[in-house]
Amino acid sequence: MLTLMAVLCAVAAACCFAAGVLAQHRAVRTTVPIGALGWRAMADVVRAPGWLGGVGIGVVGSGLHIVALALAPVAIVQPIGVLGFVLIVVLGWGSVDARTRNAVLAVCAGVGGFVILAAGSQVAQEIPVWQAQLLVGLAVVVALRARGGCTRLSASAAVVSGLGSTVVHVAAGYWGTTAGLLLGAQAMGLLVTGGWLLQRAYAGGPATVAIGTTTIVDPVTAVTVTLLLGTALPSASTLAAQVVLALVAAAGVRALAVPDSHPQTTRDRDAVAA
């Protein structure tokens, strides 16, 4: 029952995430020049009503995501966020061709199958606080070294957010203790930092590229760390099936994230350039 509640919360969070991302990306790209989102430009962005609305929706989604992480293992919750990217593509493009439908089906089938297998095979193990601190340190290093264009910044944001989600799940296991409060504060800091890096990525490229990269790297980071530190490995056959399903979902995400795969992308790019 708790796992089902976690899945429902994660799906709702993905919907909020998609709506918030579209609003934030539109505000960033219309407020500042491409690739020029610094501290001064960010001051203009945060006053835009569209960006504030996107943040509000994102906060609701983050709350639902945190609840999901407290109820179920990261390997079940984190991959569901991929569905948010599907919504971003469909809502952002406004029309869907056969290629897009096939890619959406691949993402949904891959993620759905992965989550079903994960729900039936996960055996949670408590991650020690000292290991969680190593994850926090790794995330800080990645954030400090974040450079480059849209794809690299998106990847850095995804790693930081994925590690932050893992720390959220660990903090839930120490609820009511000093360690839990410390880990919770650190997790929130990592999630906020990941969000800031993603805002910088928005300024450097299309939403589909930024979120497509994040969609793949974030769950891969969180699930890999959880499998290595906090979850007993499933059987070889189950693990192999999960790998195949993850590759199917990743192929669908990659197809959706190609900027020139849809005519409206070119029009949006030309509009921004103008």
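Keep in mind that this is a model prediction, so the values were computed, not measured. We number each residue from 1, following the sequence as shown.
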For [X] versus [Y], what's the shortest heavy-atom pair and its separation?
X	Y	result
A155	T213	N-CG2, 3.8 Å
L71	A6	CB-CB, 3.8 Å
A18	G84	CB-O, 3.3 Å
C150	A201	SG-O, 3.5 Å
A132	V167	O-CG2, 4.3 Å
G164	A187	O-CB, 3.8 Å

Compare all side-chain heavy atoms of [X] with those of [Y] and state whether any distance is below 4.5 angstrom.
X	Y	result
H169	V77	no
S154	T151	no
D218	V159	no
S161	T214	no

Task: Spacing of OG1 belonging to T193 relative to CG belonging to L198, to within rounding of 0.5 Å - done: 12.5 Å
Task: Gap separating the CG atom of L52 from the CD1 atom of I57, nearest 0.5 angstrom - done: 11.5 Å
Task: Worked check of side chain to side chain contact (heavy atoms under 4.5 Å, CB included) between Q242 and T238 - done: CA-CA 6 Å; Q242 287 180 303; T238 299; 4.1 Å; yes
Task: Working for side chain to side chain contact (heavy atoms under 4.5 Å, CB included), residues V168 and M188 - done: CA-CA 8 Å; V168 168; M188 293 303 101; 3.9 Å; yes
Should [X] and [Y] be counted in the same cluster of Ile, Leu, Val, Met, Phe, Trp and Tyr side chains packed under 4.5 Å apart?
X	Y	value
L153	W196	no
I80	V107	yes
V74	V7	no
L22	W51	yes
V225	L183	yes

Only distances under 3.5 Å count here; give the side-chain donor-acceptor pairs of residues 58-66 to other protein atoms, sequence neighbours excluded, each with its distance to 0.1 Å.
{"residue": "S62", "atom": "OG", "partner": "G58", "partner atom": "O", "Å": "2.9"}
{"residue": "H65", "atom": "NE2", "partner": "Q78", "partner atom": "OE1", "Å": "3.1"}

Could you list the donor-acceptor pairs under 3.5 angstrom formed by side chains in residues 135-143, with sequence neighbours left out?
none

TODO: Verify, without hydrogens or angle tests, whether T177 (side chain) and Y174 (backbone) share a donor-acceptor contact under 3.5 angstrom.
DONE: yes
